[in-house]
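Step one of this worksheet: look at the structure below.
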Number of protein chains: 2
Amino acid sequence: MTKTTAVHERPILTVDVALLALIDERLHVALAPRATAPFKGRLALPGGYVRVDEDADTEQTARRVLREKLGFEPAHLEQACTESGPARDPRGWSASVVYLALHAADALQPLADDGRISLHDVEALPALAFDHNRLIALAAQRLRAKSAYTSIVAHLLHDEFTIPQVQAAFEAVTGHRMNAANFRRKILETGALKETRIVPAAYRPAQAYRLAEPLTDFGQNLAR
Amino acid sequence: MTKTTAVHERPILTVDVALLALIDERLHVALAPRATAPFKGRLALPGGYVRVDEDADTEQTARRVLREKLGFEPAHLEQACTESGPARDPRGWSASVVYLALHAADALQPLADDGRISLHDVEALPALAFDHNRLIALAAQRLRAKSAYTSIVAHLLHDEFTIPQVQAAFEAVTGHRMNAANFRRKILETGALKETRIVPAAYRPAQAYRLAEPLTDFGQNLAR
DNA sequence: ACAATAGTGTCTTTGAGACACTATAGA
DNA sequence: TCTATAGTGTCTCAAAGACACTATTGT
């Protein structure tokens, strides 16, 4: 029961953001080469130190990082997990709070065009800085798990979207092909969607929807 | 784009464990009065600083804390979330990685009897140290959410258990009463359980089971 | 024997899925 | 008018739930 009051070294605390988007039915992640050591020049997730004098919590760190590095506010942001250990950062024992961010791909395209980020298929990544390959795998896994039970995939689309678009996103993320009529009925039953207006589509115009809430829990596996 | 290389103050990193058990069909959490300031004497979750020279990661911190403070290895341990901010700890900007631990209540009873911990109904908690009321709410919410879709509630029982026992735990945690015949069929179908032996029960002896895996994802809401 | 719990059989109803159909645009 | 996509109607079949039943023990 003797408790030493010796000051122990504090670990490093960082935040990393896995910003995912859907391109050609495949999940892509936003990466940028590191500007400084360690892993200088190596591709990495946007991330950085928590600033105790600036950030209200780690979610605000995530938002600040995206704002400062990408000038960008994601459609969806949620905490995924915290990875930690002595070896994942050569600077010392570190913990990184990993955030999952989602956004429509075409809003990210300008950032890719002017070189702030590059977008990479999450299933075909090169060796990244730190343990970022693993962090991305965890974030993608979380997205896939939540996609079956919640309206999360809609955040990969624009603010307004049609039901066929949600279905395409749903199928791309879960890998589960569904009958269009049944998908429509099921997702409407959940109450996750709110009608907005009729929008032009490829041929017949389509009813557009917005999310009724940022995230609706379906209470069931929509794919089954 | 100027990046100051000034050394910023590092935040505090702690781990807190919400050890939950089922007593009389109600979730209880293990708490102990704090031995030191801040919040000296106030009830709190078992927790402590990450030790960079000792802990392989935050999960090992959680295990060490339980071992040192309670002499105890939980049946189930998983990361729940990370809470952070400047105000949650008077010592400074802090982040706490919260772990959810589960165990059979009667294995905790000796610890309660010799005063290492006290067990409190999670729905009737006094004001605790730090933001621990919130952390417990988050951990309990996570348990309830996972209970519908996974075999997690079995970790609130002994290593061997009967199907009526799982059902009682399931109903207590989810609040959803189920028909015994249907519950039996559904949980057996999931493949989460492995027959062990016949054990004496209140009247007719019962088939006992163990978990086939530490955690089976049902792929569907067992309650619906 | 009776009470209490463990476990099975089976009927009914719900809803998931298949699929044929209609609707409305562009080419 | 043909094709591509949006959206509806409806049938079938599997599974969820209700519930009556049997099984095996302690008291």
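FYI, side chains are in, hydrogens and waters are out, and symmetry mates aren't considered; it's all heavy atoms of this structure. Residue numbers begin at 1 in each chain, while the letters A, B, ... track the order of the sequences.
A distance-only check finds no donor-acceptor pair linking the side chain of His28(A) to the backbone of Leu119(A) [under 3.5 Å]. One N or O on the side chain of Gln167(A) and one on the backbone of Met178(A) form a donor-acceptor pair closer than 3.5 Å.
Within the 4.0 angstrom heavy-atom criterion, no nucleotide atom of any strand lies near Ala208(B). Among the protein residues, Gln165(B) comes within range of no part of the nucleic acid, since none of its heavy atoms lies under 4.0 Å from any strand. If you check every strand for non-hydrogen atoms under 4.0 Å, Ala180(B) touches nothing. Residue contacts shown for Arg224(A) are limited to sugar-phosphate atoms, with no base heavy atom under 4.0 Å away.
Other residues, nucleotides and ligands place no more than 12 heavy atoms under 6.0 Å from the CG atom of Asp24(B).
You'll find a donor-acceptor pair under 3.5 Å spanning the side chain of Arg204(A) and the base of dA6(D), going by distance alone. Counting atom types as modelled, Asn179(A) pairs no side-chain N or O with a base atom of dA16(C) as donor and acceptor under 3.5 Å.
When the nearest nucleotides of DNA chain D are assigned to Gln220(B) and Pro205(A) by heavy-atom distance, the more 5′-ward of the two goes with Pro205(A). Along DNA chain C, the nucleotide nearest to Pro164(B) and the one nearest to Asn182(B) differ in position, and the one closer to the 5' end is contacted by Pro164(B).
Taking 4.0 angstrom as the limit, Arg184(B) places a side-chain polar atom (N or O) nearer than this to OP1 or OP2 of dG7(C). When the side-chain nitrogen and oxygen atoms of Lys186(A) are compared with OP1 and OP2 of dG17(C), one or more of them lie within a distance under 4.0 Å. For the OP1/OP2 pair of dA6(C) and a distance below 4.0 Å, the side-chain nitrogens and oxygens of Gln167(B) include no atom meeting the criterion.
Between Glu25(A) and Arg177(A) there is no salt bridge, since no side-chain nitrogen of the basic residue lies less than 4.0 Å from a carboxylate oxygen of the acidic one.
For His176(A) and dA16(C), the NE2 to P distance is 13 Å, given to the nearest whole Å.
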